Amino acid sequence: MITIKEIAKQLNMSTTTVSNVIHGKAGEVSDDTKRKVEEFLKKVDYVPNINARNLAQNESKIIGLALKARADKYENLIMDPFVSVLIGGVEETIRNAGYFMMLYISSDTDEIMRHVSTWNVDGLILFGMLNDDGIRVSEKYKKPIVCIDTYSLEGLKHFTNVGLDDEQGTYDMIKYLISQGHKRIAFLSDNQSGVDLARLNGYKKALKDAGIKYKSSNFLQIHPKSDEIDESLAEICDRSKEFTAIFCVSDLYAVTLISALTDRGINVPEEISIVGFDDNMLGQLHRPALTTVHQDVKVKGITAADTLLKQLAGQKTPNQIKLPTHLVIRDTVRKIN
């Protein structure tokens with residue numbers, strides 16, 4: 001690869017002049033000089049040595065994105081529409097800011113930190129940290145961090161978490177179901193921790209405020225792994241007759257359940273109402289169209305990336321950023337008289 005020094009020699013210019021043109025400092029050179037340099041760069045198909053430039057500036061221009069995927073839930077995390085849209089929002093934002101993204105996915109927090117702590121990245125975005133993950137991250141990584149949907153803020157108090165008011169969003173949906181005459185409402189999830197626990201708390205609060213007693217049998221657990229999902233769906237469908245409505249913690253689970261119910265001749269919403277959370281493409285395209293809690297997942301990714309960029313620029317950011325939710329009423333809820 002030809003160097004700036006060699007280009008300058010062939011053009012009979014100083015290396016500073018050539019460097020100014022390459023790095024976009026147009027105000028430092030004349031238009032004629034700029035034109036000559038650019039024509040020569042095109043002729044020799046010159047590609048700047050980004051690593052050398054970043055090393056000189058003491059920055060890598062790389063932002064790490066580390067996603068924790070539960071081993072009992074995901075076989076391919078990126079297949080989840082929520083995750084793919086989230087990654088898209090992060091990548092687009094950091095690319096537009098002149099950065100590159102490095103992605104790592106694992107179900108093991110220690111493995112994640114072993115790898116990302118060796119990366120020469122300027123900052124890190126984390127998704128899905130739970131329990132004591134925050135403390136373990138803080139022990140290994142000292143550069144700027146922004147978390148997405150993290151419910152393990154102990155040890156991460158000097159970082160920012162970008163999330164939702166999941167409890168309120170769920171509360172609003174359960175309140176809507178009750179307003180439509182539903183009292184026997186189930187809650188479907190694959191666990192009772194993190195974001196799912198926040199939504200479960202909103203569900204319980206809405207029942208309590210309406211004078212409806214929560215029973216542990218109201219919790220329906222789906223097992224999403226490919227070798228377990230059919231059996232768990234069969235059990236859930238068998239139990240569906242105990243309820244008039246089921247709240248699902250994601251649109252993915254809601255659409256999966258509706259398909260399983262339909263296969264068994266159980267009609268939605270005529271025989272049972274189903275609602276979700278996310279308002280992603282699955283729920284929008286499904287028929288009947290899914291009633292759900294809307295969150296803007298792309299904006300969540302954009303906000304996380306923007307927040308980290310602000311930190312890298314030396315700006316202070318809040319400990320918590322909660323994005324809004326709202327109900328999207330479509331066709332999967334029947335009013336009970």
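Starting from 1, each residue takes its place in the sequence as its number. Remember, predicted model here, so these are calculated numbers, not experimental data.
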Is there a chain of hydrophobic side chains (I, L, V, M, F, W, Y, each step under 4.5 Å between heavy atoms) that links [X] to [Y]?
X: Met281; Y: Ile258; result: no
X: Leu261; Y: Leu233; result: yes
X: Ile222; Y: Leu220; result: yes
X: Ile302; Y: Leu67; result: no
X: Phe127; Y: Ile105; result: yes

Looking at [Y], is its backbone amide N or carbonyl O close enough to the side chain of [X] to form a donor-acceptor pair, meaning the two atoms are under 3.5 Å apart?
X: Asp251; Y: Phe277; value: yes
X: Asp278; Y: Asn280; value: no
X: Ser84; Y: Pro81; value: yes
X: Asn96; Y: Glu92; value: yes
X: Thr292; Y: Gly276; value: yes
X: Arg199; Y: Val249; value: yes
X: Thr17; Y: Met13; value: no
X: Ser232; Y: His223; value: yes
X: Glu271; Y: Asn267; value: yes

To the nearest 0.5 angstrom, please state how far the [atom1] atom of [X] sits from the [atom2] atom of [Y].
X: Ile94; Y: Ile62; atom1: CD1; atom2: CD1; value: 9.5 Å
X: Gln221; Y: Glu235; atom1: CD; atom2: CD; value: 9.5 Å
X: Ile185; Y: Gln180; atom1: CD1; atom2: CD; value: 10.5 Å
X: Lys204; Y: Lys213; atom1: NZ; atom2: NZ; value: 13.0 Å
X: Ile125; Y: Thr307; atom1: CD1; atom2: OG1; value: 8.5 Å
X: Lys5; Y: Thr15; atom1: NZ; atom2: OG1; value: 8.5 Å

Which residues share a ring-ring contact (aromatic ring centres under 6.0 Å, His included) with Phe247, sequence neighbours left out: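 Applying ring-ring contact (aromatic ring centres under 6.0 Å, His included) to Phe247 gives Phe187.
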Contact check, side chains of [X] and [Y], non-hydrogen atoms, under 4.5 Å:
X: Val90; Y: Met101; answer: yes
X: Asp209; Y: Lys205; answer: yes
X: Ser179; Y: Leu177; answer: no

Residues in side chain to side chain contact (heavy atoms under 4.5 Å, CB included) contact with Lys143, at least two apart in sequence or another chain: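 If we apply the side chain to side chain contact (heavy atoms under 4.5 Å, CB included) test to Lys143, skipping adjacent residues, the hits are Asn120, Tyr141.
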Non-neighbouring partners of Thr16 that pass side chain to side chain contact (heavy atoms under 4.5 Å, CB included), sequence neighbours left out: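 So Thr16 forms a side chain to side chain contact (heavy atoms under 4.5 Å, CB included) with Ser14, Asn20.
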CA sep, side-chain torsions, deciding dist, call: Phe159, Thr150, side-chain contact (heavy atoms from CB on, under 4.5 Å): CA-CA 11 Å; Phe159 303 135; Thr150 290; over 6 Å; no
Side-chain donor-acceptor contact under 3.5 Å, [X] with [Y]:
X: Ser106; Y: Glu111; answer: yes
X: Asn218; Y: Tyr203; answer: yes
X: Gln320; Y: Asn161; answer: yes
X: Gln168; Y: Asp172; answer: yes

Salt bridge (Lys or Arg N to Asp or Glu O under 4.0 Å) assessment of Lys300 paired with Asp149: CA-CA 9 Å; Lys300 183 180 279 186; Asp149 287 348; 2.8 Å; yes
Solution key, residues 328-337 side-chain donor-acceptor pairs under 3.5 Å, sequence neighbours excluded:
residue : atom : partner : partner atom : Å
Arg330  : NH1  : Asp279  : OD1          : 3.2
Arg330  : NH1  : Leu290  : O            : 2.8
Arg330  : NH2  : Asp279  : OD1          : 2.7
Thr332  : OG1  : Ile274  : O            : 2.6
Thr332  : OG1  : Thr291  : N            : 2.9
Arg334  : NE   : Glu270  : O            : 3.0

Residues Asp32, Lys36: salt bridge by 4.0 Å N-O rule: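 The answer is yes: the pair qualifies as a salt bridge.
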Pair Asp31 + Arg35: basic N to acidic O under 4.0 Å: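 Here Asp31 does not pair with Arg35 in a salt bridge, since their nearest N and O are not under 4.0 Å apart.
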Test side chain to side chain donor-acceptor pair (under 3.5 Å) applied to Gln10 - qualifying residues, sequence neighbours left out: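 None.
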All side chain to side chain donor-acceptor pair (under 3.5 Å) counterparts of Thr317, not counting sequence neighbours: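 Expected list: Thr160, Gln311.
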Step-by-step side-chain contact (heavy atoms from CB on, under 4.5 Å) determination, Cys248 to Ile246: CA-CA 6 Å; Cys248 302; Ile246 300 176; 4.1 Å; yes
Stepwise side chain to side chain donor-acceptor pair (under 3.5 Å) check, Ser30 with Thr33: CA-CA 5 Å; Ser30 68; Thr33 299; 2.9 Å; yes
